Asks: 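Attaching a single structure in structure tokens format; questions to follow.
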There are 2 protein chains.
Amino acid sequence: MSNSPATIEDVARIAEVSIATVSRAIHLPEKVAVSTRLKVAHAIALTGYTPNANARSLRLGKSNMILVVAPDIGDPNFSSILVGLENEARAHGYGVLIGHTQNDAQRGVEYLKFFSSNQAAGMILFTGILPFGHQTMTARLPPTVGVFEPVFNGGIPYVGVDDLEGARKAVELLIAEGHRRIAFIGDARNRLAYVRRRMGCEAGLDAAGIPEASRIVLDGDGTIESGRLAVDQLFLRDTLPTAFMCVNDQTAIGVMLGLTARGYDIPRDFSVTGFDDVPQAAFMQPGLTTIRQPRGLIGKHAMQLLLQLLSDTEPAQTEILLRPDVVVRNSVGPPRRL
Amino acid sequence: MSNSPATIEDVARIAEVSIATVSRAIHLPEKVAVSTRLKVAHAIALTGYTPNANARSLRLGKSNMILVVAPDIGDPNFSSILVGLENEARAHGYGVLIGHTQNDAQRGVEYLKFFSSNQAAGMILFTGILPFGHQTMTARLPPTVGVFEPVFNGGIPYVGVDDLEGARKAVELLIAEGHRRIAFIGDARNRLAYVRRRMGCEAGLDAAGIPEASRIVLDGDGTIESGRLAVDQLFLRDTLPTAFMCVNDQTAIGVMLGLTARGYDIPRDFSVTGFDDVPQAAFMQPGLTTIRQPRGLIGKHAMQLLLQLLSDTEPAQTEILLRPDVVVRNSVGPPRRL
DNA sequence: GGCGTAAATGTAAACCTTTACATGAGAAAT
DNA sequence: ATTTCTCATGTAAAGGTTTACATTTACGCC
């Protein structure tokens, strides 16, 4: 009825109990008699009371916000993981705060203030690198979980996809179609995820008994442009691959654009595979055959792990690798007979 | 030095002043003598003090968080606006909290708790509709700014693009190429942005003296699939358009896929335009000619407007329309001679 | 009836700020 | 020399919660 929001005191007055009892009725219901519990519930309904989160956080010394830090919010991989994170957080009464660093360590440091000012309880990190200057590295970090790729510097639990297995599936698909000369277009940036994908590729080639001599490895930087570039570079060589296995979808898209621009048909002349299954992959012409990251699930598991960390429960495991699935579209076919 | 974070009291002790003076030195520096200001600054540097945001918000009854509510985080239009929002917010000491409703009013109501619990000071709305049940509609809303499209029900300030002008530019482009039979593929969902785009299209056709009889209007729901469907429907008719003007890029992409699937070449056989300039538009084959929404700028302006609202400054204007630019790629050409 | 025990509830302190009001000192005005 | 004013600073309350500790109540048992 009053115009300012109801406080615990209003509830206590109406329920004719002390504020302590109200607080207990909410947070430790088993500690309060059923009859009073009912009175309190009624008073809460009557007043529309919602606990003041600031007062609560102040008293508890813990907030109910999770900071999600990504190098770039616009990354096509970002949004669906974020959905998974947010759903899980909300289900547990947490809110999601977002920050993006544009790969700028200075920016990363700015986000630390959310912790020093007690506004966030934990952090989800998209970068494979702690986005903080080295001076702050020594200060203890808030509870943190890495997502999508392991965090380079600092024993942080991590949820991602099994890159090794995924890459292996991709290369096996190509081999099954009959390809023997497969180029791996990698990413020179030193991210563990990319290294693992390359290892998976090589493991597959090894298993198929494909000689080292006929392998081609080229490194880009994971952008569409670098995929295009890789094609240009390969065409300077005397022997071409029949298939391109790309470290991610962006690269694969670049490769496809490069090949199409040169007048080649995919998959008749060359086969191409990607990794990630970004939304765009489905709408390429032809559709890009790729390895799906179960993004929603990754987000969900990462948030679960973080919440475990926050509740001081020893987490069951500190590295969760999800199973990647092959998404077959039309960018892979048998190699062209020469 | 101590392991728990420094409080204002620690700073006061070191600076040999009272906590009130420290607070003033921070927030009202002109009220404190230069010499003490220096002592305080030194003590802050020494302790690494950051004000506890919860205590501050509690005392002030105002938080420094802005809730951003979108129907779908995955929307390709979302992320770059978010970047603009976040940059501007951070520059003013605000954090950005995110929520997504999946067009579910129930979800929207859940996010209201951030206001009743004093965790957010204002809101940015992506939906054209207040995502709350009607019961809460009567309760006063927190300060809110709409983004991207006007908010349907409730005199809320809004920042977007001039849809009318953008649509007009698109249709003029087609007319300049020589098209006379132009199909407008719209969106039946009752969003003002879409209605305006259609009006802009018709204004352009009127101005060019193109008779009503030769106009074709079809309504989808703004998805890729609905673009495909529109093509199918049009091919049942006796007279086909030479150009498709689509209400958004998703629809245009669907139209392109539909036409390509039927063996037609774009832009030789048909021209297509979109609206939005989503990232995917650039990577279609051919590239989609479209109208760009200056998304970063929209976010920036929207946040500025909201911050004005929060600081009780009467905002300069309550509707900001940005100028849309034509992005010419390769999906438009002269009509085919019959 | 007296005592011990357990369960339910209440009291009050603490979390960290901001700010109205009080205090004190020094300068200007009388 | 006294009063008045201004400026810098300090004191203490308030904001809404949670929770350790104290208190009350009820009950069972000897």
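Worth saying up front: this structure is predicted, and the values here are computed from it rather than measured. FYI, side chains are in, hydrogens and waters are out, and symmetry mates aren't considered; it's all heavy atoms of this structure. Naming convention: chains lettered A, B, ... in sequence-line order (proteins, then strands); numbering from 1 in each chain.
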Asks: Expressed in angstrom and rounded to an integer, what is the separation of A/E30 atom CD from C/dA7 atom C1'?
Replies: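 One finds 13 Å between C1' of C/dA7 and CD of A/E30, rounded.
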Asks: Under 4.0 Å between any heavy atoms, over every strand shown, what does A/T50 touch: base, sugar-phosphate, or nothing? Just pick one.
Replies: sugar-phosphate
Asks: Distance only, no hydrogens: is a donor on one side chain within 3.5 Å (strictly under) of an acceptor on the other, for A/S116 and B/T50?
Replies: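 Yes.
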Asks: Need to verify one output field. Residue with the more 5' nearest nucleotide on DNA chain C, A/I19 or A/K31?
Replies: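 The 5'-side residue here is A/K31.
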Asks: Considering only side-chain heavy atoms of B/T21, which listed nucleotide, D/dT18, C/dT9, D/dG10, is closest?
Replies: D/dG10
Asks: In whole angstrom, what separates B/D10's CG from C/dC15's P?
Replies: 11 Å
Asks: C/dT18 C1' sits how many Å from B/Y49 OH, rounded?
Replies: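 For the pair B/Y49 OH and C/dT18 C1', the rounded distance is 10 Å.
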Asks: Between D/dG10, C/dT18, D/dT18, which one does the side chain of B/R24 approach most closely?
Replies: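 Between D/dG10, C/dT18, D/dT18, the one nearest the side chain of B/R24 would be D/dG10.
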Asks: Would you mind classifying the nucleic acid contact of A/A20 as base, sugar-phosphate or nothing, using non-hydrogen atoms under 4.0 angstrom?
Replies: base
Asks: Taking A/T36 for its side chain and A/V32 for its backbone only, find out whether a donor-acceptor pair lies under 3.5 Å.
Replies: no
Asks: A/N54 has an atom CG; how far is it from atom C1' of C/dT18, in whole Å?
Replies: 14 Å
Asks: Is the shortest side-chain N/O distance from B/S23 to OP1 or OP2 of C/dT17 below 4.0 Å?
Replies: no
Asks: What nucleotide, of D/dG16, D/dG10, C/dG10, holds the atom closest to the side chain of A/V17?
Replies: C/dG10
Asks: Which of these nucleotides, C/dT18, D/dT19, D/dT17, is closest to any side-chain atom of B/H27?
Replies: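 The answer is C/dT18, which lies nearest to the side chain.
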Asks: Examine C/dT11: is either OP1 or OP2 under 4.0 Å from a nitrogen or oxygen in the side chain of A/S18? Give yes or no.
Replies: no
Asks: Rounded to whole angstrom units, what separation is found between the CZ atom of B/R37 and the P atom of D/dC7?
Replies: 14 Å
Asks: Figure out the CG/C1' separation between B/L58 and D/dG15, and round it to whole Å.
Replies: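 For the pair B/L58 CG and D/dG15 C1', the rounded distance is 4 Å.
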Asks: Without decimals, in angstroms, what is the distance between B/N64 CG and C/dT17 P?
Replies: 14 Å
Asks: Any ion pair linking A/R13 and A/E9 (charged N to carboxylate O, less than 4.0 Å)?
Replies: no
Asks: Under 4.0 Å, heavy atoms only, any strand: does A/T36 hit a base, just the sugar-phosphate, or nothing?
Replies: sugar-phosphate
Asks: Can B/E16 and B/K39 be counted as an ion pair, charged N to O under 4.0 angstrom?
Replies: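 No, no charged N to carboxylate O under 4.0 Å.
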Asks: Please tell me which of the listed nucleotides, D/dT19, C/dT17, D/dT9, lies nearest to the side chain of B/I8?
Replies: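 Nearest listed nucleotide: C/dT17.
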Asks: Rounded to the nearest Å, what distance is computed from the CZ atom of residue A/R59 to the P atom of nucleotide D/dT17?
Replies: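 Atom CZ in A/R59 sits about 13 Å away from atom P in D/dT17.
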Asks: If we ignore hydrogens and angles and just use 3.5 Å, is the side chain of A/Y111 paired with the main-chain N or O of A/H100 as donor and acceptor?
Replies: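 Side chain of A/Y111 to backbone of A/H100: a pair is present.
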Asks: Would you indicate what A/L60 reaches in the nucleic acid, counting non-hydrogen atoms under 4.0 angstrom: base, sugar-phosphate, or nothing?
Replies: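 Result for A/L60 = sugar-phosphate.
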